[in-house]
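Given the structure is predicted, the values throughout are model-derived calculations rather than measurements. Both ligands and their constituent atoms are indexed starting at 1 by order of listing. Count residues from 1 along the sequence.
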Amino acid sequence: MLFSAELSGRSFTADEFAQLEWPPCPVCGGKLSVQRIDITMNADDEARNGRSYIAGLYECEHHCDLRTGQRVHYGQSFRSGGPDLGDGIECTCSCGDVRILARGEVRAWQDVHQVPGERGTSR
Ligand SMILES: [Zn+2]
Ligand SMILES: [Zn+2]
């Protein structure tokens, strides 16, 4: 498990759930969001205990695959020619990696951030 045992198998009220603090993504250090699952059994349960929630799937803002511990790259964008960049090219990947590279370095960076399904396409 990614997180401490006290979270799994525990239920929370809506207020408690909103106050939970999640650790950063173990893969990229980005922000995780956590699915909130309503486990309220029935109207009776709700009347007695209020609605109950448990933590469901964790998802990283950068779409990391948390099971395999790998970053996922959906696509890149590039920016060049800005006054702040000089001769550099600002490379941004959906995985959260942003860096300013020299023209000759972009190719190698793209190889690392290969978009699934685009492997081997020549341009
Ligand atoms: Zn991540
Ligand atoms: Zn990437």
Can you tell me, to 10 degrees, how wide the angle at the Zn ion (ligand 2) is between ND1 on H113 and SG on C93?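 The angle at the Zn ion (ligand 2) comes to 120°, rounded to the nearest 10°.
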Angle at the Zn ion (ligand 2) between SG of C95 and ND1 of H73, to 10°? 110°
Looking at D15 and R51, is there a salt bridge between them, counting it only when a charged N and a carboxylate O are closer than 4.0 Å? no
Is any side-chain N of the basic residue among R36 and D38 closer than 4.0 Å to the acidic one's carboxylate O?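 Result for this pair is no, no salt bridge flagged.
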Heavy atoms from other residues, nucleotides or ligands near CZ of R48 exceed 12 (cutoff 6.0 Å):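 Yes - once you tally the heavy atoms of other residues, nucleotides and ligands closer than 6.0 Å, there are more than 12.
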If you round to the nearest 0.5 Å, how far is CH2 of W109 from SG of C93?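 Going from the SG atom of C93 to the CH2 atom of W109 covers 5.0 Å.
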Does T40 reach the main-chain N or O of S52 with its side chain, forming a donor-acceptor pair under 3.5 Å?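 Confirmed, T40 side chain pairs with S52 backbone.
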Report whether any nitrogen, oxygen or sulfur of [X] sits less than 2.8 Å from the Zn ion (ligand 1) (N, O or S, backbone or side chain).
X   : value
H62 : no
C60 : yes
C25 : yes

